[in-house]
Amino acid sequence: MSATADRLFFSEGNLDPTRVQRLVDETLTGAEDGELFLEYRESEGFSYDDGRLKAATFDSAQGFGLRCVAGDSTGYAHATELSEAAIARAADAAGSVKSGHKGNAAEGPKATNRRLYDDSNPLTAVAFDAKTTLLAEIDAYARSLNPLVKQVSCSLYGEWQVVHIMRAGGQQVGDVRPLVRLNVSVVVEKDGRQETGSYGAGGREGYAAFIDPAVWKTHVKEALRQALVNLDARPAPAGEFQVVLGPGWPGILLHEAIGHGLEGDFNRKKTSAFAGLLGKRVAAPGVTVVDDGTIDQRRGSLSVDDEGTPTNRTVLIEDGILVNYLQDRLNARLMGMPATGNGRRESFAHVIQPRMTNTLMLGGDKSPDEVIKAAKNGIYAVNFGGGQVDITNGKFVFSCTEAYRIEDGKIGAPIKGATLIGNGADALTRVKMVANDFAMDPGIGTCGKGGQGVPVGVGQPTMLIEGLTVGGTAAA
């Protein structure tokens, strides 16, 4: 047990570890799996808009969730009251799922001493005034760069989460997780036309990397660059085109259109377009997709998942062949597969689901220029906004926030209003070229599933996809 968890939950709290462990053991006797998940979280947020500080918030929360898994059924109870009485009441509720069931406890996750991030609290490392001054400086700097800038919005967010997991038999696992993010948005206006550009970055570290002027000024310039590009953008054509996806953040399309379909629960229930396809070709040769929760300080990384399983670098698609799914412990056991360290929850008030961490397509052997030159009539999509996907059939719709026309292998004018429409499984088979410029997103991803949001990362190289439908407002 870490000193931080001991102080927050036991030494200075209301819990006796021996009695709590007894409650956990009693609750999980006769069940296949389960745990007591203790959590403490501090978070803060600052937003600056219209030349002034609009909001400064701070919140702290604590609580527990007690889970009992019997067969394929889950009993779950949670509360904000950290007391043995509250845990005992939760045990009665969660343990009721065992009624008439006799199971054998699954082996617990292996132990690890791995630490992917510093456990110091980022909220206390930088003074309040320094954070608000930073946002004011960002606003002033953005306005000084170009007279077309009419509006600047920026925000800073940080959190510090302490989790402690108690399993039957006395196994205990803990993690202390920092998370920060800085966002900048710029609105420019010319001849009555307004356009927006934005940029954000973050990770599991302190604020130091983001309050450095050399860093945040680069972020401001990137947001302004995007806004100015969009100011000159033409209406996007509609039709079927070759599509070149840029490196880094465009991997969000991979995450949504393909990654969710590779999560264990959808495949166990056979509601995914990838169900039953292990060992089959689902993508073009050269396409390798991994989910890697072990990258130091990345937004989607975790030393252990929310069941206490160490995260992994899990190869999902290897050279076009589907070789694995993302698994929490319940779905892994029911499918006869190993848990991959992808059991995640938004907080103690939420149940475990198999979720992505950092989902990546690996680089190929072509240069980015070669990939672009291969597109004779296409769209170059550099940044994405919102998107939707239907897990059951893989169909997706994504809006581009920065895109360009490609004609005869050359990047042309920027376009506005482009929407990519397709099917994730089909799109993977249409990948024709993969570049060697792999990059990760800057640390801004949040994934939604089942009403829960968790931080994630994405990444990919430049790639060419043949024959995607592009929705636009101009004739092709």
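Note that this is a predicted model, so its numbers are computed, not measured. Here, residue 1 is the first one in the sequence, and each next residue gets the next number.
To the nearest 0.5 Å, atom OG of residue Ser399 and atom CG of residue Asn383 are 11.0 Å apart. Distance check: Glu346 CD to Asp306 CG gives 11.0 Å after rounding to the nearest 0.5 Å. Taken from CH2 in Trp249 to CG in Asp441, the straight-line distance is 5.5 Å, to the nearest 0.5 Å. Atoms CZ and CG, on Arg268 and Asn331 in that order, are 4.5 Å from each other to the nearest 0.5 Å. Interatomic distance, CG of Leu326 versus CE of Met337, reported as 9.5 Å (0.5 Å rounding). Distance check, rounded to the nearest 0.5 Å: CG of Leu66 to CG of Leu23 gives 8.5 Å.
A salt bridge does not link Arg329 with Glu32: every distance from a Lys NZ or Arg NE/NH1/NH2 to an Asp or Glu carboxylate oxygen is 4.0 Å or more. For the pair Asp50 and Arg52, the salt-bridge criterion is not met [side-chain N within less than 4.0 Å of a carboxylate O]. We find that Arg67 and Glu307 are joined by a salt bridge, their nearest charged nitrogen and carboxylate oxygen being less than 4.0 Å apart. Using a cut-off of 4.0 Å between Lys/Arg side-chain N and Asp/Glu carboxylate O, Arg177 and Asp118 are scored as not salt-bridged. Residues Arg345 and Glu35 are paired through a salt bridge, judged by an N-O separation under 4.0 Å between the basic side chain and the carboxylate.
A side-chain donor from one of Thr462 and Asp437 sits under 3.5 Å from a side-chain acceptor of the other. For the residue pair Asn230 / Glu195, no side-chain donor-acceptor distance below 3.5 Å is found, with atom types taken as modelled. A donor-acceptor contact closer than 3.5 angstrom links the side chains of Asp49 and Ser153. A donor-acceptor pair shorter than 3.5 Å cannot be found between the side chains of Glu205 and Tyr207. Counted by atom type alone, Asn342 and Asp291 present one or more donor-acceptor pairs between their side chains at under 3.5 Å. Counted by atom type alone, Glu222 and His219 present zero donor-acceptor pairs between their side chains at under 3.5 Å. Of the N and O atoms on the side chains of Thr314 and Asn312, not one donor lies less than 3.5 Å from an acceptor on the other residue. Side-chain atoms of Ser301 and Asn358 form a donor-acceptor pair, as typed in the model, at a separation below 3.5 Å.
Cation-pi check for Arg204 over Tyr117 is met; the charged atom lies under 6.0 angstrom from the ring centroid and within 45 degrees of its normal. The cationic group of Lys217 lies under 6.0 Å from the six-membered ring centre of Tyr141 and within 45° of the ring axis, placing it in a cation-pi geometry.
With hydrogens and angles ignored, the 3.5 Å screen pairs a side-chain donor or acceptor of Thr311 with a backbone N or O of Leu302. At distances below 3.5 Å, at least one donor-acceptor pair connects side-chain atoms of Ser272 with backbone N or O atoms of Gly261. Proximity of a side-chain donor or acceptor of Thr288 to a complementary backbone N or O of Leu362 within less than 3.5 Å is not detected. Between the side chain of Asp6 and the backbone N or O of Phe9, no donor-acceptor pair lies under 3.5 Å. Under the 3.5 Å distance criterion, the side-chain polar atoms of Glu42 are left unmatched by any main-chain donor or acceptor of Ser60. Under the 3.5 Å distance criterion, the side-chain polar atoms of Gln297 are left unmatched by any main-chain donor or acceptor of Gly203. The closest donor-acceptor contact from the side chain of Lys131 to the backbone of Val126 lies under 3.5 Å. A distance-only check finds a donor-acceptor pair linking the side chain of Arg281 to the backbone of Ala283 [under 3.5 Å]. Panel note: side chain Thr132, backbone Asp129; a donor-acceptor pair is recorded below 3.5 Å. Side-chain atoms of Trp160 come within 3.5 Å of backbone N or O of Asp119 as a donor-acceptor pair.
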Residue pair Lys150, Arg143: steps toward the side chain to side chain contact (heavy atoms under 4.5 Å, CB included) verdict: CA-CA 8 Å; Lys150 299 301 178 185; Arg143 295 177 188 277; over 6 Å; no
query: Does the side chain to side chain contact (heavy atoms under 4.5 Å, CB included) test come out yes or no for Asn267 and Met335, once each step is laid out?
result: CA-CA 9 Å; Asn267 287 280; Met335 295 179 73; 4.3 Å; yes
- request: Could you walk me through whether Lys449 and Asp265 pass the salt bridge (charged side-chain N to carboxylate O under 4.0 Å, His left out) test, one step at a time?
  value: CA-CA 12 Å; Lys449 176 183 176 182; Asp265 51 352; 3.0 Å; yes
- prompt: Run the side chain to side chain contact (heavy atoms under 4.5 Å, CB included) check on Leu38 and Phe10 step by step: do they pass?
  reply: CA-CA 11 Å; Leu38 303 168; Phe10 300 102; 3.9 Å; yes
message: Run the side-chain hydrogen bond (donor to acceptor under 3.5 Å, both in side chains) test on Glu39 and Gln62 for me, step by step, so that the C-alpha distance in whole Å, both residues' side-chain angles and the decisive distance to 0.1 Å come before the verdict.
response: CA-CA 5 Å; Glu39 178 186 10; Gln62 65 178 18; over 6 Å; no
- request: Give the C-alpha distance, both sets of side-chain angles, the deciding distance and a yes or no for side chain to side chain contact (heavy atoms under 4.5 Å, CB included) between Ile138 and Trp216.
  value: CA-CA 8 Å; Ile138 290 173; Trp216 64 255; 3.5 Å; yes
message: Show, in sequence, the C-alpha distance, side-chain angles and deciding distance for Asp305 and Arg344, and conclude whether the salt bridge (charged side-chain N to carboxylate O under 4.0 Å, His left out) test is met.
response: CA-CA 6 Å; Asp305 72 3; Arg344 305 190 65 185; over 6 Å; no
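Remark: aromatic rings of His350 and His78 are distant, center separation not under 6.0 Å. Taking the ring centroids of Phe46 and Phe128, they lie under the 6.0 Å cut-off.
Between Leu123 and Gly158, the shortest heavy-atom distance links the atoms CD1-C, 3.6 Å.
In this structure the side chain of Thr27 never reaches within 4.5 angstrom of the side chain of Val24, judged on heavy atoms. Arg167 is listed as a side-chain neighbour of Pro109, based on a closest heavy-atom distance under 4.5 Å. Residues Gln460 and Pro247 have side chains not in contact (no heavy-atom distance under 4.5 Å, counting atoms from C-beta outward). Side-chain contact check for Leu262 versus Ile317: some heavy-atom pair is nearer than 4.5 Å. Side-chain contact between Tyr157 and Val180 is absent, with no heavy-atom pair separated by less than 4.5 Å. Residues Ser198 and Val184 fail the side-chain proximity criterion, which asks for heavy atoms closer than 4.5 Å. The side-chain heavy atoms of Leu334 and Leu330, taken from C-beta on, include a pair separated by under 4.5 Å.
Take Asn113 and apply the side-chain contact (heavy atoms from CB on, under 4.5 Å) test, not counting sequence neighbours, and it matches no residue. For the side-chain contact (heavy atoms from CB on, under 4.5 Å) test, residues two or more places apart in sequence or in another chain that qualify with Asn183 are Ser155, Arg181.
A side-chain contact (heavy atoms from CB on, under 4.5 Å) with Val282 holds for exactly one of Leu322, Val287, Val323, Ile258; it is Leu322.
Using cut-offs of 30° and 60° for the angle between ring planes, the Phe384 and Phe398 rings count as perpendicular.
Atom NZ of Lys54 has more than 12 neighbouring heavy atoms from other residues, nucleotides or ligands inside a 6.0 Å radius.
Counting only residues at least two apart or on different chains, the salt bridge (Lys or Arg N to Asp or Glu O under 4.0 Å) pairs with a member in residues 83-106 are Arg19-Glu84, Glu81-Arg89.
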